[in-house]
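For reference, positions follow the sequence shown, starting with 1.
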Amino acid sequence: MQRAPATTSRGEDALLPLVRRYPALAVLTRAVLAHLPTPVVYAGALSPSLWIKRDDLTSDAIGGSKVRALEFLLGRVRPGDEVLTVGGTGSTHALTTAVFARQLGAKVTLFSWRQEMNDSA
């Protein structure tokens with residue numbers, strides 16, 4: 001069983017580059033969901049000037065940039081709370097929200113609809 005993510009005090013959040021850039025975020029409660037900072041690795045074998053940001057290593061559950069935003073969006077979620085998320089079939093936002101809300105102990109409802117494909121997709 002995975003351990004529920006921690007929440008941070010506002011003083012700890014002041015160390016985040018995002019909060020330093022946008023100080024108003026310091027008033028929000030944040031759930032610690034991501035391993036930060038996200039590693040950046042040199043990929044010199046592919047190109048002499050190529051660096052890759054490894055968002056796949058952001059979290060043990062699901063990686064990607066959505067995790068950083070969800071730390072603030074889910075910051076006040078407590079065990080037993082209800083979280084509703086919506087998205088088209090295959091929505092990575094809806095999936096990521098559901099996964100992390102469950103880790104925080106919330107009851108999750110996910111509404112989805114069939115994602116219609118078109119000629120340009």
Side-chain angles (χ1 to χ4, degrees):
M1 182 171 165
Q2 289 188 337
R3 197 176 56 174
T7 56
T8 65
S9 70
R10 292 188 175 119
E12 294 171 28
D13 284 347
L15 304 174
L16 289 174
L18 182 64
V19 175
R20 284 197 309 267
R21 175 65 178 93
Y22 300 101
L25 292 175
V27 301
L28 300 176
T29 303
R30 181 174 68 96
V32 179
L33 306 174
H35 305 299
L36 300 172
T38 304
V40 177
V41 297
Y42 179 63
L46 299 173
S47 168
S49 61
L50 181 63
W51 290 81
I52 299 172
K53 184 174 181 191
R54 295 292 310 271
D55 270 342
D56 60 314
L57 301 176
T58 303
S59 164
D60 295 332
I62 296 176
S65 61
K66 291 172 182 64
V67 179
R68 286 186 290 278
L70 285 171
E71 286 193 325
F72 292 98
L73 293 172
L74 298 176
R76 295 180 63 192
V77 171
R78 298 293 173 256
D81 286 353
E82 294 185 38
V83 172
L84 169 68
T85 186
V86 298
T89 302
S91 167
T92 56
H93 175 75
L95 172 65
T96 306
T97 301
V99 166
F100 285 110
R102 289 281 311 265
Q103 279 188 7
L104 292 167
K107 300 171 190 169
V108 177
T109 301
L110 190 155
F111 287 103
S112 66
W113 55 88
R114 184 172 175 211
Q115 185 70 42
E116 298 294 333
M117 301 304 290
N118 58 44
D119 294 337
S120 64

Inset, instruction - Given side-chain contact (heavy atoms from CB on, under 4.5 Å), test Thr109 with Glu82 step by step and report yes or no. - result: CA-CA 8 Å; Thr109 301; Glu82 294 185 38; 5.5 Å; no
Inset, instruction - Any chance you could lay out the side-chain contact (heavy atoms from CB on, under 4.5 Å) test for Arg76 and Leu28, step after step, and finish with the verdict? - result: CA-CA 9 Å; Arg76 295 180 63 192; Leu28 300 176; over 6 Å; no
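Of the possible polar contacts, one joining the Thr89 side chain to the Trp113 backbone as a donor-acceptor pair under 3.5 Å is found. Side chain of Glu71 to backbone of Leu33: a donor-acceptor contact under 3.5 angstrom is found.
In the hydrophobic cluster analysis, where Ile, Leu, Val, Met, Phe, Trp and Tyr join through side-chain heavy atoms closer than 4.5 angstrom, Val83 is grouped apart from Leu110. Note on Val41: it clusters hydrophobically with Leu50, by side-chain heavy-atom contacts below 4.5 Å among ILVMFWY residues. In this structure, Leu36 is a member of the same hydrophobic cluster as Tyr22, with clusters built from ILVMFWY side-chain heavy atoms closer than 4.5 Å.
Atom-to-atom distance recorded for Ile62:CD1 and Asp55:CG is 13.0 Å, nearest 0.5 angstrom.
Of all heavy-atom pairs spanning Gly88 and Ser112, the tightest one is C-CB, 4.4 Å. Closest of all the heavy-atom pairs between Leu18 and Phe72 is CD2-CE1, 3.8 Å. Closest approach of Ser59 to Phe100, counting heavy atoms only: OG-CZ, 3.2 Å. Annotation for Asp56 and Arg54: closest pair OD2-NH2, 2.6 Å, computed over non-hydrogen atoms. Residue Thr97 comes nearest to Leu74 through the heavy atom pair O-CD1, 4.2 Å, listed as atom of the first residue, atom of the second, then distance. Gln103 and Ala61 get closest at one heavy-atom pair: NE2-CB, 3.4 Å.
Considering Thr96, Thr58, Thr92 in turn, Thr92 is the only one that fulfils the side chain to side chain donor-acceptor pair (under 3.5 Å) rule with Lys66.
Using a 4.5 Å heavy-atom threshold, the side chains of Arg68 and Thr38 count as touching.
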